[in-house]
Amino acid sequence: MDNLSTRYNPKEVEDKWFKLWSEKGCFHQEKDDTKKPYCIVIPPPNVTGILHMGHALNNTLQDILIRRKRMQGYAALWVPGTDHAGIATQNVVERSLSKEGKTRHDLGRDEFIEKAWDWTKAHGGTIIKQLKKLGCSCDWQRERFTLDEDYSVAVNEAFLKLYKDDLIYKGSYIINWCPRCQSALSDEEAPHKELQGNLYYIKYPIKATSKKGKSIPENQELDYVVVATTRPETMFGDTALAVNPDDERYKDLIGKTVVLPIAEREIKIISDEFVDPEFGTGVVKVTPLHDPNDYDMGCRHKLEGILCINPDGTMNANATDVYDGLDRFEAREALVEDLKERKLLKKVDAHSHAVGHCYRCHTIIEPYFSEQWFVRMKPLAKKGIEEAKRGNIKFYPQRWNKIYDNWMRNIRDWCISRQIWWGHRIPAWYCSDCYKIYTENKKSLKVTLPVEISYEEIGIIAVGEKPNKCPKCGCTEIFQDPDVLDTWFSSWLWPFAIFGWPFSQPSAVSRQLSAKEKKQKADLEYFYPTSTLVTASEIIFFWVARMIMSGLKFMGKIPFSDVYIHGTVRDDKGRKMSKSLGNAIDPLEIIEKHGADALRFSLISLPGEDLYLADSKFEFGRNAMNKLWNASRFILMNLDDSKIRNYEPKDLISKVAASQSNIAEKWILFELFEAIKAIDESLENYRFHEASSKLYDFFWHKLCDWYIELAKINIEDELTQNMLHLCLKYTLKLFHPFAPFITEEIWQKLPKKDAEFIMLSEWPVLPDLDQANWATNSFDDMMGLIGVIRNKRAQFNIAPMASLPRVIVISDRESLLDDFRVLDKYFKQLGNIEQIIFTSEDKAVSKSSSVVVYKAIKAYILLEGLIDIDNEKEKLNKEINVVEREINNIHNRLENKAFLSKAPKEVVNQQRQRMDEYNLKMKELKAALKEIS
RNA sequence: GGGCGGUUAGCUCAGUUGGUUAGAGUGCCACGUUGACAUCGUGGAAGUCACUGGUUCAAGUCCAGUACCGCCCACCA
């Protein structure tokens, strides 16, 4: 074994093990009635995506969970896959087209979709390959894509079912419109961002009070109403002004008419409770088709709606010839100049306000009146709220429960139609003849509110499957709705659609299932509901909440019981890591440099919720992996295979417990069990950092710093050999979920393995321990005493090479002294001491010795020929001050009658004991000070 | 505007039902390569627990208020 490098080299091992695991079917999980299921569905990354640090974190966490559960004997299934990411993928393909000077319309729908599939097939596998590099133990045979043929069946089925239950409808409302993507977006896809803008105060001339309603005579002096707006360009869509009915200033104006500047159109002044008299001038321009509030007001007052902006963000003919065709923001600037010249602009104030932005291309959203498909959410949300309330779905950390609950209670209908081509086409069919009539009606760009859509009127003749002819007019020219569904409308079905749901289609018809379908159905019944969902907070609303609703609707059961929300990956300045900011660290570069295990271990070892990353942070994981490598190398180099018995812990326990002299062995076993217990508890509660730090602490500061060091003395002993072997074996198992590759590599070198692959070995189980027999106080006291002795050495600048000639340890506890005598050789080894005496007699000690005190144990160190006492006095005085202060504190406490009578007895006794210890320490410190003065 | 979190060492964070001298990692300083590991070892310095008041024998921990920071949601143009 001495041929191993002193440095761990991940490159030589990672791909090798992944390939072998794969070949041996370690990743694949079937339904297994002898085991309990544990299932995770991956949050499917965008098919356009490449692995970033957020993915690395997200998937490392899932892999840790799944690997541990697999080792614990669960049927652990992790289903991987990707998401077709409608708008994102379409954008990518369009961008590549534009390099050839083409648009999607040049190609036509079918050819464009073909191009998109080509692209997907060529590049879509990238992220999957990268997840494999990371070591993800997904069942790769079950990889799914949201545009798979049978997945599309699930999407259609869901649409049809909701439609039948009146939970999907088509309607005309103000939606979020991205003028660049030229598509509607859901509210979640249009996040608000604070923008620094202006508040423009525009004068609207009041029409002369002639009751006949004649136009304003030229040169007549006019009165104005001043309106404050952030979006002057929408004034071409104004169909009223509104004031608050209780606003005294404007009471007389209600019902009057003003003339819309430039457009020279007359509009009424109405009153509405919605208007806040405090804001601006207290007068609002009402633009029903370009603002959601104004739309509501428009409906309340049955106003006309006028569209003045085109879908691409340019102004239309209603904006007069001057502005027709101008971009909305150019139009704003030009219009403001125009108003200034006409002296209709009173003033401009700086004003910051929140504006919706497209989450894909960050273009400013246009609130736009349009005809779209919606899902009625309130009825779906009701059960989802109840399930979480009852604790059937738990969020970790818990506070996300509230955020989920809050959103669900204020949920609004979900706009699911998108005016793009890449995605699931809406399964609604129209009759060409009937639809024609409807479209001709709506070309005017003007409507009277509210607009009610009748399906009959707009020509929808079927949802689900294409009919042969129109049932109304018999026309055989039938066409499908051109829009596709929001990507999230497919991903909200993920936890069951991946298993092949539905198993009969269309939903009304039942038929014989194929063998494949039978198996899928059995899988679904076995693995659903899944166990844990691991994701980032950004997609709680997009995905998590909606999956809960769809699971309840379509399966009648919640899709998962636990939701773990992990933090955000940031740079070391706290900024969110992103490609556009240029502060991203590429996980693949880190893997290349330090290995996947180092990447994984670094990520989960960072404390806190959000991760503040810099290249240097990955050295932590690299160092830990190297330490693991070298500790293993040392043990393996020294093992004599013929002595290794492959003990189970419980056997080794009874062997160790049999002798009083196995203090160190008892101690390390106890520490191992404590570590297992703590790691299990942390992981069950999704406290990953806590788990890794317990493991790290056990491995480095218990096993390496103490046990391996003292084992060097009697490394030939059979007990030591077996102890080292067992500790290594269990340490590897505990490390495996965090660092799968290195642990497998070392596992394979163990003289006695208990499984062909560590990834299929058993997770450590705690044996029954009689705690009383496992008290390891004397070992702890030994470590403490060696600590103060080392401290003293450093204080006197005694070279690490130089050993202490003699140390006398004094305690009045005989049993402790007996234990210490057993540990004699360890004291000598770890304290670098030549001779050590354990006694209860406080012997006179030579003048050139120094005393240290640990708890109630004293040790005299002979320093003859070693010391340089320059700073000893100063140090002693400092320590005396600390101890004195503490003695005073305890003294006061013990003098306090209230304390004595009210505090629990244990606390009082504890204080008394401490007092004794401090008094002893003080006595020794003072004696020492006197000695050197 | 509404909601949720936070403020503890230079930095990132732990800190259980109130009870030893408030901990860890990292960074910093000193010393050190004797056969696992310098990607290492040993030791050290470093904190007014944001502020104010209250409850209590006892407060980083519980309560109230203040200040500051962060996040999410939102239809005041």
Side-chain angles (χ1 to χ4, degrees), chain A residues 2 4 6-8 174 187 191-192 199 227-231 234 242 274-287 291-297 351 353-354 356 367 397 399-400 402-403 406-407 410 537-538 540-541 568 572 574 594 598 605-612 616-617 619-638 687 689-690 693 696-697 701 704-705 708-709 712 787 790-795 797-801 832 882-883 885-886 889-890 893 896-904 906-908 910-911 913-914 917-918:
Chain A
D2 51 5
L4 294 180
T6 62
R7 290 185 184 190
Y8 171 55
I174 297 273
D187 294 336
H192 286 77
L199 197 54
V227 175
T229 179
T230 53
R231 301 200 54 199
T234 63
F274 166 79
V275 181
D276 176 4
E278 302 291 311
F279 189 89
T281 59
V283 187
V284 184
K285 60 194 265 315
V286 186
T287 320
D291 183 282
N293 299 313
D294 294 4
Y295 176 80
D296 291 344
M297 253 192 282
H351 176 68
H353 58 146
R399 65 164 191 284
W400 295 108
K402 285 186 196 166
I403 290 165
N406 199 277
W407 186 77
N410 297 305
S537 59
E538 297 103 80
I540 292 179
F541 308 142
T568 308
D572 51 357
H594 304 308
S605 296
L606 285 162
E609 207 164 303
D610 287 354
L611 272 56
Y612 294 74
S616 62
K617 304 273 175 142
E619 287 165 14
F620 178 83
R622 178 202 61 186
N623 296 354
M625 293 307 106
N626 196 60
K627 183 79 175 178
L628 181 58
W629 180 255
N630 277 294
S632 305
R633 194 167 66 91
F634 172 78
I635 293 174
L636 293 171
M637 274 190 316
N638 286 288
R687 293 198 290 257
H689 159 69
E690 196 178 88
S693 105
Y696 179 90
D697 181 64
H701 299 307
C704 292
D705 289 355
I708 290 181
E709 283 309 313
K712 285 175 181 172
R790 282 173 175 172
N791 180 318
K792 190 59 87 174
R793 292 178 65 106
Q795 212 180 97
N797 286 324
I798 298 170
M801 302 279 295
N832 196 8
V882 171
V883 173
R885 201 181 58 218
E886 201 48 34
N889 286 344
I890 303 171
R893 219 165 287 159
N896 184 341
K897 280 186 186 132
F899 174 72
L900 292 175
S901 61
K902 289 186 180 173
E906 310 90 75
V907 176
V908 177
Q910 199 183 38
Q911 294 296 316
Q913 195 188 328
R914 283 183 60 216
E917 283 170 24
Y918 279 115

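Letters A, B, ... are given to chains in the order of the sequence lines, protein chains preceding strands, and every chain is numbered from 1.
Among B/C4, B/C75, B/C37, the nucleotide with an atom closest to any side-chain atom of A/Pro292 is B/C75. The side chain of A/Phe541 has B/C72 as its nearest neighbour among B/C72, B/C57, B/A77. Checked against B/G32, B/A77, B/C76, the side chain of A/Thr229 finds its nearest nucleotide in B/A77. The side chain of A/Arg399 approaches B/G5 more closely than any other nucleotide in the set B/A36, B/G5, B/G19.
For B/A36, the base has a donor-acceptor partner in the side chain of A/Lys712 [N/O atoms by modelled type, under 3.5 angstrom].
Note on A/Asn630: every side-chain N or O is 4.0 Å or more away from OP1 and OP2 of B/C40. A sub-4.0 Å separation between OP1 or OP2 of B/A24 and a side-chain N or O of A/His701 is absent. The side chain of A/Asn791 contributes an N or O atom lying less than 4.0 Å from OP1 or OP2 of B/G44. Between B/G5 and A/Lys402, a contact under 4.0 Å exists linking OP1 or OP2 to a side-chain N or O. Side-chain N/O atoms of A/Arg914 include none lying less than 4.0 angstrom from OP1 or OP2 on B/U20. For the pair A/His192 and B/C75, the criterion of a side-chain N or O lying under 4.0 Å from OP1 or OP2 is met.
A ring-centre distance under 6.0 Å is not found for A/Tyr696 and A/His689.
Side-chain atoms of A/Asn630 come within 3.5 Å of backbone N or O of A/Asn626 as a donor-acceptor pair.
B/G15 and B/U20 have their C1' atoms separated by 15 Å, given to the nearest Å.
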